[in-house]
There are 2 protein chains.
Amino acid sequence: MDQLTVAPVARHTLHEDLVGRIRDLIIEGQLAPGTRIHEGQLGEALGVSRTPLREALKFLASEGLIDLVPGRGGVVRQLSAQDVRNMLDVLVALECLAGRLACRTATDEQIKHVRSLHDRMMKLYASRNRLEYYKLNQAIHSAIATLSGNDFLASTHEAIQSRLKRIRFIGNDEPDNWGEAVGEHVEMIEALERRDEEALTEILTRHLQETWKRVRPII
Amino acid sequence: MDQLTVAPVARHTLHEDLVGRIRDLIIEGQLAPGTRIHEGQLGEALGVSRTPLREALKFLASEGLIDLVPGRGGVVRQLSAQDVRNMLDVLVALECLAGRLACRTATDEQIKHVRSLHDRMMKLYASRNRLEYYKLNQAIHSAIATLSGNDFLASTHEAIQSRLKRIRFIGNDEPDNWGEAVGEHVEMIEALERRDEEALTEILTRHLQETWKRVRPII
DNA sequence: TGCAAGGTTCCTGTATACAGAACGCAGCAT
DNA sequence: ATGCTGCGTTCTGTATACAGGAACCTTGCA
C-alpha cells in the first residue's frame with residue numbers, strides 16, 4: 001500500500017446512523033412526502049431520544065429531504081413537477097461534465113468495471129428483477145460520476161440522484177419505459193468505451209430527457 | 001399584489017440563526033480552516049446552550065463547511081487546491097447552464113437589473129472599494145443563476161459559491177487580478193444583454209478558469 | 001533525559017427536564 | 001349551521017444532567 005488509506009474503525013454515532021435510516025425511510029416511501037415528522041413518536045419507534053434524532057433531521061434538512069417549519073418541526077419535502085424538472089436539468093449538466101472528464105481521464109480498468117456493471121444490469125433486465133436492476137442502474141450513473149475523478153462532482157451528483165431515487169424508481173414501473181431506458185444504457189456504455197465525448201454527452205442528455213418523460217405522468 | 005408572497009412573520013429559531021452566524025464566522029476567517037470547534041466554548045461565546053449549537057453544526061456539516069469526527073466533534077473543513085479546482089469545475093458547469101437558460105427565459109427587466117448591479121460594481125471598482133465590490137461581484141453571479149428560472153440550480157450554485165467565498169475574496173487581493181476580472185465581467189454583461197448564449201458560456205468558462213489562476217497561488 | 005503508564009480533566013454524545021407555542025375540541029354566540 | 005373563543009393537551013425548542021471516551025499532564029522507570 002503506497003498510502004495510508006485504511007478506513008478507521010467504523011465509529012457509529014447515533015445521529016449518523018439515523019441520517020441513513022431516515023433517508024431510507026423517505027426514499028422507500030415509508031415516510032411519504034408531506035408527512036409531518038413526529039419527533040417523540042419516531043424517536044420511540046427507532047429507540048432513541050429526541051436529541052440525536054433532531055440532529056439527524058437538521059442534517060437531512062440541509063440535504064433538502066426535509067423542510068423545517070419553526071414551531072412545527074419537520075415535514076418530508078414534497079417535490080413538485082417543476083422541482084423534479086429543475087433537478088433533472090442540473091443532473092444533466094453534471095453528468096455531461098462527468099462523462100466528458102471520464103472519457104479523458106478514466107483508466108481502461110475503470111471503464112471495464114462500468115461495463116461489468118452494465119452487463120450485470122442487462123441480465124437483471126432479462127430476468128425482470130426490477131429492484132436489483134434499478135439499483136445497478138443508479139450505480140452506473142454514480143460510477144460515471146466517480147470516473148470523472150472529481151470527488152466533489154461525484155458527491156454533488158450523488159446527493160441529487162439520491163433525492164430523485166424514489167421518483168425514478170416509480171418511473172421504471174411501466175414495462176415499455178423499462179425497455180427504452182435499457183436501450184439508452186447500451187448506447188451509453190458503448191460511447192464511454194469509445195471515449196466518445198460528444199456521443200456520450202448526447203446520450204446522457206437524451207437519457208435524462210426521456211427520464212423526464214417517463215417520470216412526468218406520475219408526479 | 002397579484003399573489004400572496006408576503007413573508008410570514010420572521011420566526012427565528014436559535015439553531016437557524018446559528019447556522020448563519022457560524023457560516024459567517026467561517027467565511028470571514030474568524031474560524032480558520034482546520035480549527036476544532038469547541039462546543040462549550042463557542043456556545044458560551046454566542047450565548048446559547050450546546051443543543052441548538054450542535055444542531056447548527058450538523059446542518060453545516062451537511063453543507064460541507066465542517067467535518068464531524070465521531071468522538072471529537074467538529075472541525076472547520078480545509079479545502080485543498082484539488083477541492084477548489086473540483087468545485088470550480090462544477091461551478092462552471094452550473095453557471096453555463098444558468099447562463100444559457102437566462103439568455104432564453106430572462107425578461108428584459110431582469111437583465112437590466114443585472115446591468116445595474118454591474119454598473120454599481122464598476123463604480124466601486126473605480127473607487128477601489130474592495131469589500132463592497134466583491135459583494136456585488138458575487139451578487140452578479142448569483143443573479144445570473146437566479147435568472148435561469150431554475151430555483152434548484154440557483155440554490156445549488158449559491159451553496160457552492162458560498163463555500164468558495166473566502167478563497168475568492170483573497171484571490172481578488174492582487175491589484176492586477178482585480179482589473180482582469182473586471183474586464184471579464186464587462187464581456188459577461190454584454191453577452192447577456194445580447195442574449196448570446198455561446199459568448200456568455202465562453203466568457204463564464206474563461207472567467208472561472210481565470211479565477212482558478214488568480215486563486216491557485218494562495219492555496 | 002526520553003518514554004510509557006496512569007490518572008485527571010475536559011469534552012463529546014445522549015438522555016431527560018422544562019417552558020412556551022401550536023393544535024384540537026368543546027361550548028357559545030351569531 | 002357556522003364561526004369564534006377559551007381551555008387543555010401535545011409537541012417543539014432549549015437548557016441541563018450524566019456517562020463514556022479523548023486528550024493531556026504528571027510521575028515513575030529505563
Side-chain angles (χ1 to χ4, degrees), chain A residues 4 6-23 25-26 30-78, chain B residues 4 6-23 25-26 30-78:
Chain A
L4 203 56
V6 277
V9 180
R11 297 293 303 269
H12 60 289
T13 55
L14 221 39
H15 53 261
E16 271 175 11
D17 290 353
L18 285 173
V19 167
R21 286 288 299 277
I22 300 173
R23 192 193 282 123
L25 288 177
I26 294 175
Q30 293 195 261
L31 286 174
T35 305
R36 201 168 141 183
I37 292 175
H38 204 295
E39 293 173 2
Q41 198 171 304
L42 183 57
E44 196 172 9
L46 295 171
V48 296
S49 80
R50 286 178 54 219
T51 307
L53 178 60
R54 281 177 61 87
E55 292 178 353
L57 292 182
K58 299 295 170 293
F59 199 95
L60 292 168
S62 176
E63 283 188 359
L65 269 82
I66 285 176
D67 288 318
L68 291 179
V69 187
R72 250 176 299 178
V75 180
V76 180
R77 183 172 288 182
Q78 182 95 254
Chain B
L4 204 56
V6 277
V9 179
R11 298 293 304 266
H12 59 289
T13 56
L14 222 38
H15 54 261
E16 271 174 12
D17 290 352
L18 286 173
V19 168
R21 286 286 301 275
I22 300 172
R23 192 193 282 124
L25 289 178
I26 293 175
Q30 293 196 260
L31 286 174
T35 305
R36 200 168 141 185
I37 292 174
H38 203 293
E39 293 174 1
Q41 199 171 302
L42 183 58
E44 197 172 9
L46 295 171
V48 295
S49 79
R50 287 177 54 220
T51 308
L53 178 60
R54 282 177 60 86
E55 291 178 353
L57 293 181
K58 299 295 171 292
F59 199 95
L60 293 168
S62 175
E63 282 188 1
L65 269 83
I66 286 177
D67 288 317
L68 290 179
V69 186
R72 250 176 297 178
V75 180
V76 180
R77 182 171 287 180
Q78 182 95 254

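Below, chain A is the first sequence line, B the second, and so on; all start at residue 1.
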Query - Phosphate-side-chain proximity, R72(B) and dC11(C), N/O vs OP1/OP2 below 4.0 Å - result: no

Length of the [atom1]-[atom2] vector between [X] and [N], whole Å:
X	N	atom1	atom2	result
E44(A)	dT12(D)	CD	P	13 Å
L18(B)	dG13(D)	CG	P	14 Å
E55(B)	dA15(D)	CD	C1'	12 Å
E39(B)	dA15(D)	CD	P	14 Å

Requested in this report: Would you mind telling me which of dA15(C), dA23(D), dC11(D) lies closest to the side-chain atoms of H38(A)?
Outcome: dC11(D)

Report task. Measure from the side-chain heavy atoms of S49(A) and tell me the nearest of dC11(D), dA23(D), dT14(C). Result -> dT14(C)

Query - DNA chain C: 5'-proximal contact among H15(A) and P70(A) (nearest heavy atom) - result: H15(A)

Query raised in the report: Just by distance, do the side chain of R36(B) and the backbone of R72(B) share a donor-acceptor pair under 3.5 Å?
Result: yes

Query raised in the report: If you look at every strand shown and take non-hydrogen atoms under 4.0 Å, does I37(A) touch a base, only sugar-phosphate, or nothing?
Result: sugar-phosphate

Query raised in the report: How would you label the contact of R50(A) with the nucleic acid (heavy atoms, under 4.0 Å): base, sugar-phosphate, or nothing?
Result: base

Query raised in the report: Can you find an N or O donor on one side and an acceptor on the other, under 3.5 Å apart, linking the side chain of T13(B) with the base of dT12(D)?
Result: no

Requested in this report: Can you see which heavy atom on G74(B) is nearest to which on I66(B), and at what distance?
Outcome: CA-CG2, 4.1 Å

